[in-house]
Asker: 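To start, I am sharing the structure in question, which I have written as structure tokens.
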Amino acid sequence: VQLQASGGGLVQPGGSLRLSCQASGFTMSYNVIGWIRQAPGKEREWVSGLRTRDGLTDYANSVKGRFTISEDDTKTTVYLQMNNMKPEDTAVYYCAAIESDHMLMPVSTSPSEYRYWGQGTQVTVSS
């Protein structure tokens, strides 16, 4: 499985960014793609996840109402729209994936359960 993340950058507080994750190479029938971030000196933090089969989503409380995860019609690209951004959103953002043969696989909120990882993209929120 290959994951390619893009879209990071510098944004002012209150601004917006959209991250993209292009995924390929899945061998099982179902998958969940998530966004996980890591700020300097902090542990990895799960941000959001999407079950591509049916679009089920979940969000960390810290981003709920500000971030939106979505997928394109081909279900090969997952986006993270980040609005009303805060300095504490500054981190390296990774897209990661889990695959399964179970149709109702959950949207995991644990970074350690994500098997496949893309390269990170830096997001900096600063004035």
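As the structure is a prediction and not an experimental result, all values here were calculated from the model.
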Asker: Counting only heavy atoms not in Arg115, do more than 12 sit closer than 6.0 Å to its CZ atom?
Answerer: no
Asker: Got a donor-acceptor contact below 3.5 angstrom from the Thr121 side chain to the Gly8 backbone?
Answerer: yes
Asker: For Glu88, is the CD atom crowded, meaning more than 12 foreign heavy atoms sit under 6.0 Å from it?
Answerer: yes
Asker: Evaluate whether atom NZ of Lys64 has more than 12 neighbouring non-hydrogen atoms of other residues, nucleotides or ligands under 6.0 angstrom away.
Answerer: yes
Asker: Is there a side-chain contact between Asp54 and Tyr30, using heavy atoms and a 4.5 Å cut-off?
Answerer: no
Asker: Provide the closest heavy-atom pair for Trp35 versus Ile69 in the form atom of the first, atom of the second, distance.
Answerer: CD1-CD1, 3.7 Å
Asker: Contact between Trp46 and Tyr114 at the side-chain level, heavy atoms closer than 4.5 Å - yes or no?
Answerer: yes
Asker: Go through Ser126 and Gln12 one step at a time and tell me if the side-chain contact (heavy atoms from CB on, under 4.5 Å) criterion holds.
Answerer: CA-CA 5 Å; Ser126 175; Gln12 293 186 342; over 6 Å; no
Asker: Answer whether the closest heavy-atom distance between the side chains of Asp58 and Thr109 falls below 4.5 Å.
Answerer: yes
Asker: In chain order, what residues pass the side-chain contact (heavy atoms from CB on, under 4.5 Å) check against Ser70, with sequence neighbours excluded?
Answerer: Tyr79
Asker: Can you tell if the side chain of Thr90 reaches within under 4.5 Å of the side chain of Val123, non-hydrogen atoms only?
Answerer: no
Asker: Rounded to the nearest 0.5 Å, what separates atom OG in Ser6 from atom CZ in Arg18?
Answerer: 9.0 Å
Asker: Do you know the tightest heavy-atom contact between Ser127 and Pro13?
Answerer: N-CD, 3.7 Å
Asker: Measure the CE-CE distance between Met82 and Met85 for me, rounded to the nearest 0.5 Å.
Answerer: 3.5 Å
Asker: Please answer: with hydrophobic residues joined when any side-chain heavy atoms are less than 4.5 Å apart, are Val78 and Val1 in the same cluster?
Answerer: yes
Asker: Scan side-chain atoms only and decide if Thr76 and Gln22 contain a donor-acceptor pair under the 3.5 Å cut-off.
Answerer: no
Asker: Indicate yes or no: at least one non-hydrogen side-chain atom of Phe67 is less than 4.5 angstrom from one of Val47.
Answerer: yes
Asker: If you round to the nearest 0.5 Å, how far is OG of Ser48 from OH of Tyr93?
Answerer: 11.0 Å
Asker: Can you name the closest pair of heavy atoms from Ile36 and Pro111 and give their distance?
Answerer: CD1-CA, 3.9 Å
Asker: Identify which one of Ile33, Thr57, Val32, Leu80 satisfies the side-chain contact (heavy atoms from CB on, under 4.5 Å) criterion when paired with Leu50.
Answerer: Thr57
Asker: Would the distance check show the side chain of Gln4 and the main-chain N or O of Gly118 forming a donor-acceptor pair, the cut-off being under 3.5 Å?
Answerer: no
Asker: Working to the nearest 0.5 angstrom, can you tell me the gap between His102 NE2 and Arg53 CZ?
Answerer: 13.5 Å
Asker: Mind checking what makes side-chain contact (heavy atoms from CB on, under 4.5 Å) contact with Ser29, not counting sequence neighbours?
Answerer: Asp101
Asker: Between Tyr116 and Glu99, does any side-chain donor sit less than 3.5 Å from a side-chain acceptor?
Answerer: yes
Asker: Any side-chain donor paired with an acceptor under 3.5 Å for Glu113 and Ser108?
Answerer: yes
Asker: For side-chain contact (heavy atoms from CB on, under 4.5 Å), just list the numbers for Leu104 and Arg51, CA-CA rounded to whole Å, side-chain angles, deciding distance to a tenth of an Å, and then say yes or no.
Answerer: CA-CA 9 Å; Leu104 295 180; Arg51 188 167 67 193; 4.2 Å; yes
Asker: For Asp89, give me all partners under salt bridge (charged side-chain N to carboxylate O under 4.0 Å, His left out), at least two apart in sequence or on another chain.
Answerer: Arg37, Arg66
Asker: Is any side-chain heavy atom of Thr52 less than 4.5 Å from a side-chain heavy atom of Phe26?
Answerer: no
Asker: Can you tell me how far OG of Ser24 sits from CG of Leu3, rounded to the nearest 0.5 angstrom?
Answerer: 7.5 Å
Asker: Within this structure, what is the SG-CH2 distance for the pair Cys95 and Trp117, rounded to the nearest 0.5 Å?
Answerer: 9.5 Å
Asker: At their closest point, which heavy atom of Ser16 faces which heavy atom of Gln81, and how far apart are they?
Answerer: CB-NE2, 3.9 Å
Asker: Give the intermediate values and the outcome of side-chain contact (heavy atoms from CB on, under 4.5 Å) for residues Ile98 and Met105.
Answerer: CA-CA 9 Å; Ile98 313 167; Met105 61 183 301; 3.9 Å; yes
